[in-house]
Structure formats: C-alpha cells, structure tokens
There are 2 protein chains.
Amino acid sequence: MSERGDTATRILDIAQELAQTRGYNAFSYADISEHVGIRTASIHYYFPSKSDLGRALIRRYQRTADQALAQIDRTTEDPREKLRRYSEIFSGMMLHGERMCLGGILAADILTLPTEIRDEVRAFFGLNERWLSGVLDEGREAGLLQFTGSPEVEARLLVASLEGALLVARSYGDVERYRELADKLLADREAPMT
Amino acid sequence: MSERGDTATRILDIAQELAQTRGYNAFSYADISEHVGIRTASIHYYFPSKSDLGRALIRRYQRTADQALAQIDRTTEDPREKLRRYSEIFSGMMLHGERMCLGGILAADILTLPTEIRDEVRAFFGLNERWLSGVLDEGREAGLLQFTGSPEVEARLLVASLEGALLVARSYGDVERYRELADKLLADREAPMT
DNA sequence: GTCTATAGCCCGATAGAC
DNA sequence: GTCTATCGGGCTATAGAC
C-alpha cells in the first residue's frame with residue numbers, strides 16, 4: 001500500500017498500475033479503494049467520473065514520457081544509445097508488475113473509451129513518433145543509423161513494433177521475448193562500422 | 001442481424017465481432033443477446049460460462065487462421081506474395097468493422113483471462129510464428145527474401161510488428177496507417193532484383 | 001431449445017452527515 | 001476530505017415452465 005504523496009497522486013499511481021495491467025474496463029473504483037485505503041466515494045471527490053480519472057491518467061503519462069525523453073536527450077549524444085534507452089523504458093514496464101505501455105493498452109480499448117481519452121491516446125503516439133523521428137534523422141545524418149524511407153514513417157514503424165513486441169511478450173510473461181525483438185529491431189538500424 | 005447458420009455459430013460470430021472490437025471484458029451476454037435475437041439464458045445453454053465462450057472463440061479463430069494460411073500455401077508459390085497475403089488478413093480486420101486481431105486484443109486483456117484462454121492466445125501466436133518462419137526460411141533460401149538472424153526470431157518480429165501496427169492504426173481509425181507500415185515491413189525484407 | 005424470473009454480486013455515481 | 005448509506009443499473013449465472 002503506497003502511502004507517499006498526496007491522495008490524488010496515490011489514486012493516480014494505483015489507477016495507472018491497474019490500467020496498465022488490466023486495461024481501462026477491467027478496473028474499478030473499488031479496486032483503487034482497496035489499494036489506497038479510502039472509500040470509493042472519496043475517490044469521486046478527486047475524480048468525479050471514471051472518464052475524468054482516465055483523462056488525468058493518460059495526460060500525466062504523457063508528461064512523464066515527455067520528461068523521460070528530455071532526460072535521454074540531456075544525458076546522451078549518441079542516437080544509437082538514445083534508441084537503446086527508449087527501448088528500456090518499455091522493458092521496464094514488464095519488469096514493474098507485468099505492465100503494458102498505457103498508450104498501447106488503451107489503444108486496445110479504444111472503441112470503448114470516451115472521445116477525450118481517445119484523442120489523448122493518439123496524442124501520446126504522436127509524441128513518441130516525433131521524438132523518435134528526430135533521433136532517427138539525426139542518426140542517419142551522422143552516419144550512425146541506417147534505414148529506408150523517411151524518418152517519420154520509420155518512427156511510426158518503431159513505435160508500432162515496440163508496442164507489438166511488448167504486447168506479445170507480456171502475454172508469455174517473458175521479458176526476454178521482448179528484449180530479443182527490441183534488440184534486433186535496433187541492431188538492424190545501426191550503420192555498419194567502417 | 002445475421003440469421004444464417006445454427007444458433008451456436010451465430011452466437012460465436014457476434015461474440016467474435018464484439019471481442020475483436022471491444023475486448024474480452026467489454027462485451028456481455030446481453031450484447032450478444034440483442035444482436036442474435038435470443039435471451040441471455042439461451043446463450044448459457046450453448047456456452048454455460050463466459051470462459052467456455054471465450055475458449056470456443058479463440059479455438060475457432062485458430063482453426064480459421066490455420067485454414068487461411070493453408071489456403072495461401074495452396075494458391076501461391078512466391079514467398080513475397082505469401083507475406084503480402086498474410087498482411088492483408090490483418091488489414092481486412094480493420095476494414096471489417098474496425099476489428100483488431102482476436103489474438104492481439106486478448107493479449108492486451110491477458111492478465112484478466114482464465115488460464116485456459118491465456119494458453120490458447122499463446123498457441124495462436126505460435127501458430128502464426130511457425131508458418132511465417134517457414135515462409136521466411138524458404139524465401140531466403142530461394143534468394144527472394146533477405147533478413148538478419150534466424151527465421152524463427154524474424155517471424156516473431158513480424159508477428160509482433162504487424163500486431164502493433166494494427167493496434168496503433170486502429171486507434172486512429174485509419175487503415176492506410178496500417179498499410180504504410182506493413183508495406184514497408186515487407187519491402188525491407190524483399191531481396192534486391194539482380 | 002427457448003423462455004420468464006430472479007439470485008447475488010459489482011459497477012459508477014450521488015446525498016448528506018461529520 | 002472522508003465517511004455511511006444508497007440508488008439504479010449491469011453483470012454472470014441458475015431454476016424451472018413450456
């Protein structure tokens with residue numbers, strides 16, 4: 001039972017774990033209530049409806065991702081290393097309670113989500129693709145990465161492939177299955193040494 | 001409202017559509033009842049529990065996939081064409097009512113599924129990977145396809161990438177987004193003309 | 001086989017006391 | 001802010017008539 005932080009944050013932390021493991025339609029205010037230690041009515045005080053909670057969840061997740069990518073940019077120059085660090089964000093989710101990426105699991109639930117949340121899911125993918133596109137472009141210019149076609153499409157392909165690798169690997173409960181695919185995905189894009 | 005076929009088949013058809021669009025936890029016997037035109041109690045006559053229904057669903061889906069892959073083998077020699085036909089099975093799902101692959105969407109729900117169904121989801125991925133692995137191996141031997149590493153791992157990567165591409169593209173409701181990625185995935189594996 | 005009726009539980013959400 | 005109490009509805013599932 002996490003006790004740190006204010007109540008709204010603890011609610012979001014537990015709700016995020018539940019959403020990442022079970023999906024949007026398979027967790028309830030009662031589930032959150034048990035983990036946080038307050039009654040369901042009190043959760044409604046912070047998040048009046050479940051769609052309010054869902055929207056807050058994906059928005060906070062976007063901000064966290066944004067900061068993680070900025071942190072990679074701040075501490076690494078090599079585009080190949082940036083891709084490795086990016087891939088490790090995904091493997092970290094499986095290690096942290098068999099989680100999926102929140103964007104990926106909400107994408108599976110997309111047709112059951114309130115429209116505001118759908119828009120945020122797409123915005124999350126857009127955020128990832130823009131950052132990856134920049135890394136890929138820079139890496140190819142520097143002769144460190146190689147790929148066919150535009151950086152934009154290659155970025156979309158990488159996001160989709162990593163989401164898919166995480167989805168399938170998690171269904172086996174096997175993080176090595178993810179790593180094997182992610183490592184190959186990255187290795188195939190590294191320019192040969194000269 | 002589909003009226004063809006026996007009742008069990010009509011139930012499975014509707015349940016499959018609902019599962020592929022909404023996921024396992026977001027459809028009910030009441031939803032099926034409305035579409036099939038019989039009461040929920042009558043559905044329990046054919047499928048006593050929801051896990052019985054879910055298991056029947058994924059097993060039938062596996063058989064259908066098996067037949068579709070055998071049909072590709074029967075009508076096509078060229079491994080490149082086999083991959084194209086395989087990719088079109090996925091795009092066909094989005095065109096047929098914004099569906100996901102049943103295996104992919106159940107993978108997202110995996111931690112909420114009865115264990116028998118979990119095993120079938122993994123078996124479905126295994127089936128796809130074995131077939132693709134054979135096509136890739138044959139294609140490389142014939143000098144028509146190219147890729148690094150083993151056909152087995154490359155097959156896993158293709159399944160995961162196509163599932164991911166479908167997952168993300170469907171969240172935009174845009175089949176072109178899927179095709180762009182699938183076509184690139186396949187083009188990158190075609191051996192250059194000599 | 002299909003129906004009506006209902007049990008028993010979980011769900012999101014609200015009213016109002018403290 | 002957090003609680004108790006509760007509403008109205010949905011869910012899976014079963015009993016028993018036809």
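Computed from heavy atoms alone, side chains included, the values below leave out hydrogens, waters and symmetry copies. Letters go in sequence order (proteins before strands), and every chain restarts at 1. Worth saying up front: this structure is predicted, and the values here are computed from it rather than measured.
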Once you round to the nearest 0.5 Å, how far does CD of B:Glu163 lie from SG of B:Cys101? 4.0 Å
Quick note, B:Ile38 side chain, CB onward, closest among C:dA13, D:dT12, C:dC3 is C:dC3
Atom-to-atom span, CZ of A:Phe47 to P of D:dT2 - whole angstrom: 12 Å
Are A:Arg85 and A:Thr76 linked by a side-chain donor-acceptor pair shorter than 3.5 Å? yes
Considering only C:dA13, D:dC3, C:dT2, which nucleotide approaches the side chain of B:Ser42 most closely? C:dT2
Interatomic distance where CZ belongs to B:Phe27 and P belongs to D:dG10 [whole Å]: 18 Å
Using 30° and 60° as the class boundaries, would you call the ring planes of B:Tyr178 and B:Phe90 parallel, tilted or perpendicular? parallel
Which whole-number value in Å describes the distance from B:Tyr29 OH to D:dT12 P? 7 Å
Rounded to whole angstroms, how far apart are OH on B:Tyr45 and C1' on D:dC18? 15 Å
Short side-chain N/O contact from B:Thr40 to OP1 or OP2 of D:dT12, under 4.0 Å: no
Does a nitrogen or oxygen in the side chain of A:Tyr46 sit under 4.0 Å from OP1 or OP2 of D:dT2? yes
I want to verify a distance call: between D:dA15, D:dA13, C:dT14, whose nearest atom is closest to the A:Ala41 side chain? C:dT14
No-hydrogen, no-angle side-chain donor-acceptor test under 3.5 Å, B:Asp73 and B:Trp131: yes
In whole Å, I'd like the distance from the NZ atom of A:Lys50 to the P atom of C:dA13. 9 Å
Nearest whole angstrom, please: distance from the C1' of D:dT2 to the CZ of A:Arg39. 10 Å
Side chain of B:Ser33, backbone of B:Ile38: donor and acceptor closer than 3.5 Å? yes
Roughly, in whole Å, what's the span from CD1 in B:Ile32 to C1' in D:dG10? 15 Å
Quick check for you: among D:dA13, C:dA13, D:dA15, whose closest atom lies nearest to any side-chain atom of A:His44? C:dA13
Let me know the distance between CD1 of B:Ile11 and C1' of C:dG1, rounded to the nearest Å. 11 Å
Does the side chain of B:Ser28 get closer than 4.0 angstrom to OP1 or OP2 of D:dG10 through an N or O atom? no
